[in-house]
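Remarks on the structure that follows.
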Amino acid sequence: MIVTRFAPSPTGFLHIGGARTALFNWLFAKHHGGEFRLRIEDTDRKRSTQEAVDAIFAGMKWLGLNWDGDAVSQFERRDRHAEAARQLLDAGLAYHCYCTPEELTEMREKARAEGSARLYDGRWRDRDPADAPAGIAPVIRLKAPLTGETVIDDKIQGEVKVSNEQLDDMILLRADGTPTYMLAVVVDDHDMEITHVVRGDDHLTNTFRQAQLYQALGWDLPVFGHMPLLHGSDGAKLSKRHGALGVEAYRDMGILPEAMNNYLLRLGWSHGDDEIISRDQAIEWFDLDGVGKSAARFDMAKLESLNAHYIRHADNSHLVSLVLPDLKNALDGSLSDDTETRLLRGMPGLKDRAKTILELVENAKIYAYARPIPINDKAAKILDGEGRRMIEHTRPRLGDVTPWTQQEIEQMVRVVAEELGAKLGNIAQPLRAALTGSNVSPGIFEVMEVLGRDETLGRLEDALSGDV
RNA sequence: GUCCCCAUCGUCUAGAGGCCUAGGACACCACCCUUUCAAGGUGGCGACACGGGUUCGAAUCCCGUUGGGGACGCCA
């Protein structure tokens, strides 16, 4: 069975790039009928807080990426990591190193100056343990192969190799006895029976070292797939500095999780010319061979375009439930009692006109206002002189419209327009201004139907009386 | 500096030697529809980084150059 995992470190939120990694792993597992696991890489105690872990859970949940079993805490497995290091020590495949930080810095500088890749010179590698200086706690280093090469058969990048002369003896266990990342990932991935490690490209060079570790431990390598990184609009790796946001920031911008999933999926993966891809379709189609090799830039405009599509196709009552809280917030006390029912009926006209839920809220205000409604500058201008005259002529005739439907209303207004020798637009625009307080809105006859006859006549009266 | 990876329209991508006069999507522009704005429809602008090979034939294969990115911590 195929088992994948997502292993974020808790940094305060679910990073957008991490979300994509999680999605790919989730999809890959689902496609193959396998399992998807979650592991929190919280060994850096300074950075790990419960809030940060919760933020990851919340982000995953929002995206609908459920994981199998309980999330694993890497920190809680530190004894097992140390045990693996000791095992290597006993087998003579690792050794104690007593170098001080100062010595290491010196070595590093020297190596750089000489153009050498080996930053640690291996000075304790074959030294007699009896030479150990007193009072210095040693680290444990892997006795890595000095010659030959390490080859990775990467399912996304292809065959990648490096000469072992480039790799020095990495630290496995720190002086304080805690495991390093390299040790922890390898031990955890092995113990969690991860079969496929799909992660960002930035781990590609780490993989060589991890492969050496697997070898020393006598374990089989999982299958690796290194996906291209997500870049900011400036072309550099997405980071906090580059405006990389947590997934919840996009939720707050009014992005739907469906749109986010679809967008993230298409960043670095494709299935021919398909753009709009449902989750079921994604599960059916997703595989590693569809993943590209080059980095992709994040493009908000395309995300919004996808979002607009998902809003347009979303269930009306679902959209109402998303919009209502924000609307109450924005309008506070001046919310009409009829808001919810109006929203439900007006949603078809509203949802075609919004790229985000935030815009939807803004546009939905016309159905939430209690009389008298606010009139913006452009609408006020339309209501001057001629526009006002049109409403004066039209309003009385509205009482005769039966039934009160969009079609009947339009028919009546057309008759009035003809009588006045006016174009339909000459009446529609003033009606819009008076009824919505704006120069932009859904079809005005639809708005009238949703508002109902009483509210419509009332708002028109407000406009005529100047009581706005 | 050393090592690793990448390279098709502004952006995301299709393309696995002839189907390519390089296709789609977003963005942009124009037109149509039209009561405004959207949506929708039609059309337009717009790319194989460069140089060498290999081949009858290269966006596709090889080499180099250039450009971009990543990794080089007792961080993860």
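Note that these values count all heavy atoms, side chains included, but never hydrogens, waters or copies made by symmetry. Proteins come first, then strands; the chains are lettered A, B, ... in the order of their sequence lines, and each starts at number 1.
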With a non-hydrogen cut-off below 4.0 angstrom, is [X] in contact with a base, only sugar-phosphate, or nothing?
X	value
C97(A)	nothing
V162(A)	sugar-phosphate
D44(A)	sugar-phosphate
Q74(A)	sugar-phosphate
L119(A)	sugar-phosphate
S441(A)	base
G349(A)	nothing
G443(A)	base
K161(A)	sugar-phosphate
P8(A)	nothing
D176(A)	nothing

Of the nucleotides [options], which has the atom closest to the [X] side chain?
X	options	answer
M182(A)	A76(B), C3(B), C26(B)	A76(B)
A296(A)	U13(B), C72(B), C74(B)	U13(B)
L229(A)	G70(B), C74(B), C12(B)	G70(B)
S305(A)	U36(B), A76(B), C26(B)	C26(B)
A301(A)	A27(B), C74(B), U8(B)	A27(B)
Y181(A)	C12(B), A76(B), C6(B)	A76(B)

With rounding to whole Å, what would you report as the distance between [N] and [M] at their [atom1] atoms?
N	M	atom1	answer
G18(B)	G57(B)	C1'	7 Å
A59(B)	G23(B)	C1'	13 Å
C45(B)	G51(B)	P	25 Å
C9(B)	G41(B)	P	26 Å
C31(B)	A14(B)	C1'	28 Å
C62(B)	G17(B)	P	12 Å
C33(B)	C28(B)	P	22 Å
A49(B)	U11(B)	P	12 Å

Should [X] and [Y] count as an ion pair when the cut-off is N to O under 4.0 Å?
X	Y	value
R459(A)	E455(A)	yes
R77(A)	D191(A)	yes
D154(A)	K161(A)	no

Handout entry: Nearest non-hydrogen partners of A216(A) and L142(A), listed with the distance
Key =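 Closest approach of A216(A) to L142(A), heavy atoms only: CB-CD1, 3.8 Å.
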
Give a yes/no answer on whether the side chain of [X] brings an N or O atom under 4.0 Å of OP1 or OP2 in [N].
X	N	value
R353(A)	U36(B)	no
T205(A)	C72(B)	no
K293(A)	C6(B)	yes
R174(A)	A76(B)	yes
R414(A)	U35(B)	yes
R108(A)	C74(B)	yes
T43(A)	A76(B)	yes

Exercise for the section: Step through it carefully: locate the ring centre of Y250(A), locate the ring centre of F298(A), and say whether they are under 6.0 Å apart. Expected result: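 For Y250(A) and F298(A), the ring centres are under 6.0 Å apart.
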
Handout entry: Validation row, ring centre F6(A) to ring centre W67(A) under 6.0 Å
Key =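 No.
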
Separation of atom [atom1] in [X] from atom [atom2] in [N], rounded to whole Å:
X	N	atom1	atom2	result
H226(A)	G69(B)	NE2	P	20 Å
H309(A)	A27(B)	NE2	P	13 Å
I171(A)	A76(B)	CD1	C1'	15 Å
R297(A)	U11(B)	CZ	P	6 Å
L306(A)	A25(B)	CG	C1'	9 Å
I366(A)	U36(B)	CD1	C1'	12 Å
Q429(A)	C37(B)	CD	C1'	9 Å
F224(A)	A71(B)	CZ	C1'	16 Å

Counterpart base for [N], defined by Watson-Crick or G-U wobble contacts under 3.5 Å:
N	value
G1(B)	C72(B)
C26(B)	G10(B)
A47(B)	none
A58(B)	none
U35(B)	none
A16(B)	none

Practice task
Between D352(A) and E275(A), just flag the one whose closest nucleotide in RNA chain B comes earlier from the 5' side.
Solution key: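 Counting from the 5' end, the first nearest nucleotide belongs to E275(A).
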
Practice task
Identify, between Y263(A) and E41(A), the residue whose nearest nucleotide on RNA chain B lies closer to the 5' end.
Solution key: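 Residue closer to the 5' terminus by nearest nucleotide: Y263(A).
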
Handout entry: Under 3.5 Å: donor-acceptor pair, side chain of D121(A), backbone of R123(A)
Key =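 Looks like yes, one N/O pair under 3.5 Å.
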
Exercise for the section: Anything under 30° is parallel, anything over 60° is perpendicular, the rest tilted; go ahead and classify H196(A) against F28(A). Expected result: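 Because their plane-to-plane angle lies in the 30° to 60° range, the rings of H196(A) and F28(A) count as tilted.
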
Exercise for the section: Give the ring-plane orientation class for H96(A) versus Y98(A), where under 30° counts as parallel, over 60° as perpendicular and anything between as tilted. Expected result: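 H96(A) and Y98(A): tilted rings.
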
Practice task
Please evaluate the base of G23(B) for a donor-acceptor partner in the side chain of D273(A) within a cut-off of under 3.5 Å?
Solution key: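 In this structure, the two groups form a donor-acceptor pair.
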
Handout entry: Polar side-chain contact R266(A)-U13(B) base: donor and acceptor under 3.5 Å
Key =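 No, the side chain and the base share no sub-3.5 Å donor-acceptor pair.
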
Exercise for the section: Establish, for the pair R20(A) and F24(A), whether the NZ or CZ atom is under 6.0 angstrom from the six-membered ring centre and no further than 45 degrees off its axis. Expected result: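 Because its charged atom sits under 6.0 Å from the ring centre and within 45° of the axis, R20(A) does stack over F24(A).
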
